[in-house]
Amino acid sequence: HTDAETDGDAVATLRTPIVAVLGHVDHGKTTLLDRIRGSTVTEGEAGAITQHIGATAVPLETVSELAGSLVDPTDFDLPGLLFIDTPGHHSFSTLRSRGGALADIAVLVVDVNDGFQPQTIEAIDILQRTETPFVVAANKIDTVPGWNPQDDAPIQQSYDAQSDRARETLDERLYELIGELSEHDFSADMYWRVQNFANNVGVVPTSAETGEGVPDVLTVLMGLSQRYLKDAMAIDAEGPGAGTVLEVKEQKGFGTAIDVVLYDGTVRADDTVVVGATGDPIVTDVRALLQPRPLAEIRTEKRFEQVDAVSAAAGLKIAAPDLDDAMAGAPVRVVRDRSREEVVQEVQEELAAIGVTTEEE
Ligand code: GDP
């Protein structure tokens, strides 16, 4: 494979992999996401983190700035990482129970003190079933007695700053976690010892509170994506958009709208879309595409701005008539130059594949 391939007239672009953060309640998913979001470089600089609807984009330049010597940006040609913002959220649990098709790659957050818990096991079963590559963030390492916190440091640097006692305590907890992973049929090891990530899960010690190990999580996600997702990330960015509904909610001035994570192609403001629903799929014309305003303008009365088109991977809000019965976790497809029937059938087949039939609900 090369970066740009031709398929008819369509030129493939490499899109951003979509990352889900999973794990048991209170193990630190939200804090980890906040930490990643908080590591924004000064606005206006190349590579600043941008806020999408329901997602946060971390460009490769930012990953490499945060990861310092861990990442040489010239080793990568994927553009960065797009984190889904709603871990453990209602729509996300719906998505998870419907096959976890949303994310390309995942971070499984496990509290090192608490180990595997019911939602950890639930998440790992989904990752296994969907063959989603993932990394384990062994979180809250700063709670190890005697821990000497190293804000935002790569984990090796943080290890070097600890007493033997603290390091040994952490190692014991990490090995327990590796044992639990192996009970669930995942052979795992500290990520820096993993040679082949296809057979072994990498464990990254982290503190979402202090930021220690967070550069390593970003680095491993980038590496895993580059190694295992590159072919899957080659899309026709101009083609008809495809995405997943994250949430269905009222949008002031627009009626019912859907928050969507777009993983393929483009949605344009004049497109017709097919949306999976509790009844028959909805066929409707886009009224508006909305994205958050840049940070600098956030104090203006309107939080969102209307845009003409959005390309994958991205989070966006689609306002259109008749979206009341749209369903979180369901597919969204742009019709463009295809027949409506064909696209409706595609949506129905996808719903069936993830275990939803329109008769059932
Ligand atoms: P979630 O339910 O998985 O999203 O968990 P949260 O991110 O809400 O975290 C639950 C609690 O654990 C909060 O009080 C956090 O401040 C705390 N927490 C999360 N990560 C860490 C960590 O790395 N170290 C410490 N000491 N506390 C943490």
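We count ligands from 1, going down the list as the structure has it; atoms in each ligand are counted the same way. Residue numbers start at 1 and run along the sequence shown.
- No more than 12 heavy-atom neighbours from other residues, nucleotides or ligands sit within 6.0 angstrom of CD on Glu131.
- Distances between N or O atoms of Lys140 and those of ligand 1 include at least one value under 3.5 Å.
- For ligand 1, the atoms lying closer than 4.0 Å to a non-hydrogen atom of Glu209 are 16 (O), 18 (N), 21 (C), 22 (C), 23 (O), 24 (N), 25 (C), 27 (N), 28 (C).
- Aromatic ring pairs are classed by plane angle as parallel below 30°, tilted from 30° to 60° and perpendicular above 60°; the pair Tyr159 and Trp192 is perpendicular.
- By the 3.5 Å distance cut-off applied to N or O atoms, Val25 is not counted among the residues near ligand 1.
- Salt bridge present: Glu346 and Arg333 bring a charged side-chain N and a carboxylate O closer than 4.0 Å.
- Looking at every heavy atom in both residues, Arg268 comes nearest to Glu238 through NH2-O, 3.9 Å.
- Residue contacts with ligand 1: Leu32 is placed with no nitrogen or oxygen under 3.5 Å of a nitrogen or oxygen of the ligand (distance criterion only).
- By the criterion of a heavy-atom distance under 4.0 Å, the side chain of Thr143, and not its backbone, is placed next to ligand 1.
- In summary, the atoms of ligand 1 found under 4.0 Å from a heavy atom of Asn139, numbered by their order in the structure, are 20 (N), 21 (C), 23 (O).
- Residue-ligand proximity, His24 to ligand 1, at heavy-atom distances under 4.0 Å covers atoms 3 (O).
- Between Thr120 and Gly115, the shortest heavy-atom distance links the atoms OG1-O, 4.2 Å.
- Contact record, Glu212 with Gln150: CG-O, 2.8 Å, taken as the closest heavy-atom pair.
- Considering Leu22, Val21, Thr31, Ile141 only, the shortest heavy-atom separation from atom 7 (O) of ligand 1 involves Thr31.
- Residues Lys230 and Asp77 are paired through a salt bridge, judged by an N-O separation under 4.0 Å between the basic side chain and the carboxylate.
- Contacts between His27 and ligand 1 below 4.0 angstrom, taking non-hydrogen atoms only, involve the backbone exclusively.
- Between Val109, Asp142, Asp111, Val112, it is Asp142 that holds the heavy atom closest to atom 25 (C) of ligand 1.
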